[in-house]
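Just below is one structure, and these are the notes that go with it.
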Amino acid sequence: MYYFAGDFDDKNLFSQLKDFLDKVDRDHSTHGNHLYYLATSANYFGPIVEQLSAVGLMEEKNQQWRRVIIEKPFGHDLESARALNKQLLRVAGEKQIYRIDHYLGKETVQNILALRFANGIFEPIWNRRYIDHIQISVSETVGVEQRGSYYDQAGTLRDMVPNHIMQLISLTAMEPPVSFHADAVRDEQAKILHAIQPLSAEDVLSRTIRGQYGEGFIGGERVPAYRGEDGVPEDSKTETFVAMKLSIDNWRWADVPFYLRTGKRMPARHTHIVIQFRRAPLVLFRDTPVDTLMPNQMVLHIQPEEGISLRFAAKVPGPSMRLGAVDMSFQYQDYFGSQASTGYERLLHDCMIGDATLFQRADMVEAGWCVVSPALDVWKALPPRNFPNYAAGTWGPKEADDLLERDGRHWRNAEK
Ligand code: BG6
């Protein structure tokens, strides 16, 4: 392991790096294979790859490979993401560019495909005939930690939705790919992203909710308001919570709402996908004490709980017909033990072996931005007047509950 320090703005740096890498290649017979991992400030992504290319460090000859991993944020809106793609693709091939999203490295996220396509019982009911709606919640208890100044520029919508949440939506909703070949999988994911119905300005007002936390309590401890965090202006209008209702305009999902929400300083850290099935008809139970049937829910617990549960009704033992909700539950650790993993291990390894399945293609990143663009535009034009509008340690603003309740539905909250 070597450490080679330098300033990205220094034009000589890259030719020095080339000499340095040439020597390392010779000394260790590494065949000139290079993986550049750009976990830098986003404004350097383009310039660094250009400089690498200018000194020949992106050139693949004699069967050597040269790959570059680009961290997030990949642009800050559709236009800047397109510009960055263009800039990178001028000097590198798409096959050399690995746009990373650490959510795809999570076992529980990869398992969505196994659950759906390695089992005969789920796929036949995975559609509008049987599914009432889908909820995706990514709740975090942390605030903005030491990243106040980055976060205040980005906000939750940019930070979580076009990337992590779009991965969860596309894997949950996509058609079966014909193989695990990188492009076979990514083509199907991209189709879903393109099928998400674009929000009109009116839709943004009625189907998207933004929030910012005020002070409150997390785990019994008082925590400051977002506006009191380091690096955040006192009058910040940046959102720390987002909820949205999206529709996927295709045969499988017509009229099945996808509700999503994500926020900082919520009561529990939990990411889950809830598949809510249609209710059974009440007819049979009309003359019993049962006045409503609860819908079945399958919950894919992504983290920190890792598992899958299925909720259904069972008769409560006793002389009369009463129903209770019970859960069938699978926990990863019961079967496979638990292994600490951030998701990055798998992704870095995949990049080294040249498997791009779990990385974002240019069109997917752009499609993710297309989904959130209308909200970014409308929110910018109409700054929020009611921030902060939820207390730290709560499930976000009341409007986020109303978003489902007016459709006769409710968020399923993780237990604290
Ligand atoms: C990052 C976001 O991409 O993902 C953070 O920038 C967020 O704001 C994090 O906290 C969540 O990752 P994980 O793996 O903890 O869910």
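Whatever order the structure lists ligands and atoms in, that order sets their numbers, starting from 1.
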**OP:** Please report the C-alpha distance between R261 and S137 in whole Å, then the side-chain angles of each, then the deciding distance to 0.1 Å, and finally whether the side-chain hydrogen bond (donor to acceptor under 3.5 Å, both in side chains) criterion is met.
**Re:** CA-CA 5 Å; R261 68 174 170 173; S137 296; 2.8 Å; yes
Original post:
For K23 and D27, what are the C-alpha separation, side-chain angles and deciding distance, and is it a salt bridge (Lys or Arg N to Asp or Glu O under 4.0 Å)?
Top reply: CA-CA 6 Å; K23 182 168 180 322; D27 290 354; 2.7 Å; yes
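Checked against a 3.5 angstrom limit, the closest N/O atoms of D159 and ligand 1 fall inside it. Looking at Y150 next to ligand 1, no N or O pair under 3.5 Å apart turns up. Polar contact with ligand 1: absent for T271 (N/O pair, distance under 3.5 Å).
Nearest protein neighbour of atom 12 (O) of ligand 1, counting heavy atoms only, is H102 NE2, 3.1 Å. Atom 5 (C) of ligand 1 has R147 NH2, 3.1 Å as its closest protein atom, hydrogens excluded (heavy atom only). Residue, atom and distance of the protein heavy atom nearest to atom 16 (O) of ligand 1 are Q303 NE2, 2.5 Å.
Looking at H270 against ligand 1, nothing comes within 4.0 Å, counting heavy atoms.
Heavy-atom contacts of K264 reach the following atoms of ligand 1: 5 (C), 7 (C), 8 (O), 10 (O) (cutoff under 4.0 Å). Atoms of ligand 1 lying under 4.0 Å from any heavy atom of H164, numbered from 1 in the order shown and given with element: 1 (C), 3 (O), 4 (O). With ligand atoms numbered from 1 in the order given, ligand 1 contributes 1 (C), 2 (C), 3 (O), 6 (O) to contacts under 4.0 Å with heavy atoms of K72.
A heavy-atom separation below 4.0 Å is not found between E145 and ligand 1.
For K106 and Y103, the positive end sits near the middle of the six-membered ring, less than 6.0 Å away and at most 45° from its axis.
Aromatic rings from W253 and F258 are positioned such that their centres are separated by under 6.0 Å. In this structure, F330 has its ring center under 6.0 Å from that of Y335. Checked against a 6.0 Å centroid threshold, the rings of Y44 and F8 count as neighbours.
Put simply, CG on L403 and OH on Y259 are 6.5 Å apart, with the number rounded to the nearest 0.5 Å.
Remark: the backbone N or O of G93 is paired with a side-chain donor or acceptor of Q96 at under 3.5 angstrom.
When E140, E71, R269 are ranked by how near their heavy atoms come to atom 10 (O) of ligand 1, first place goes to E140.
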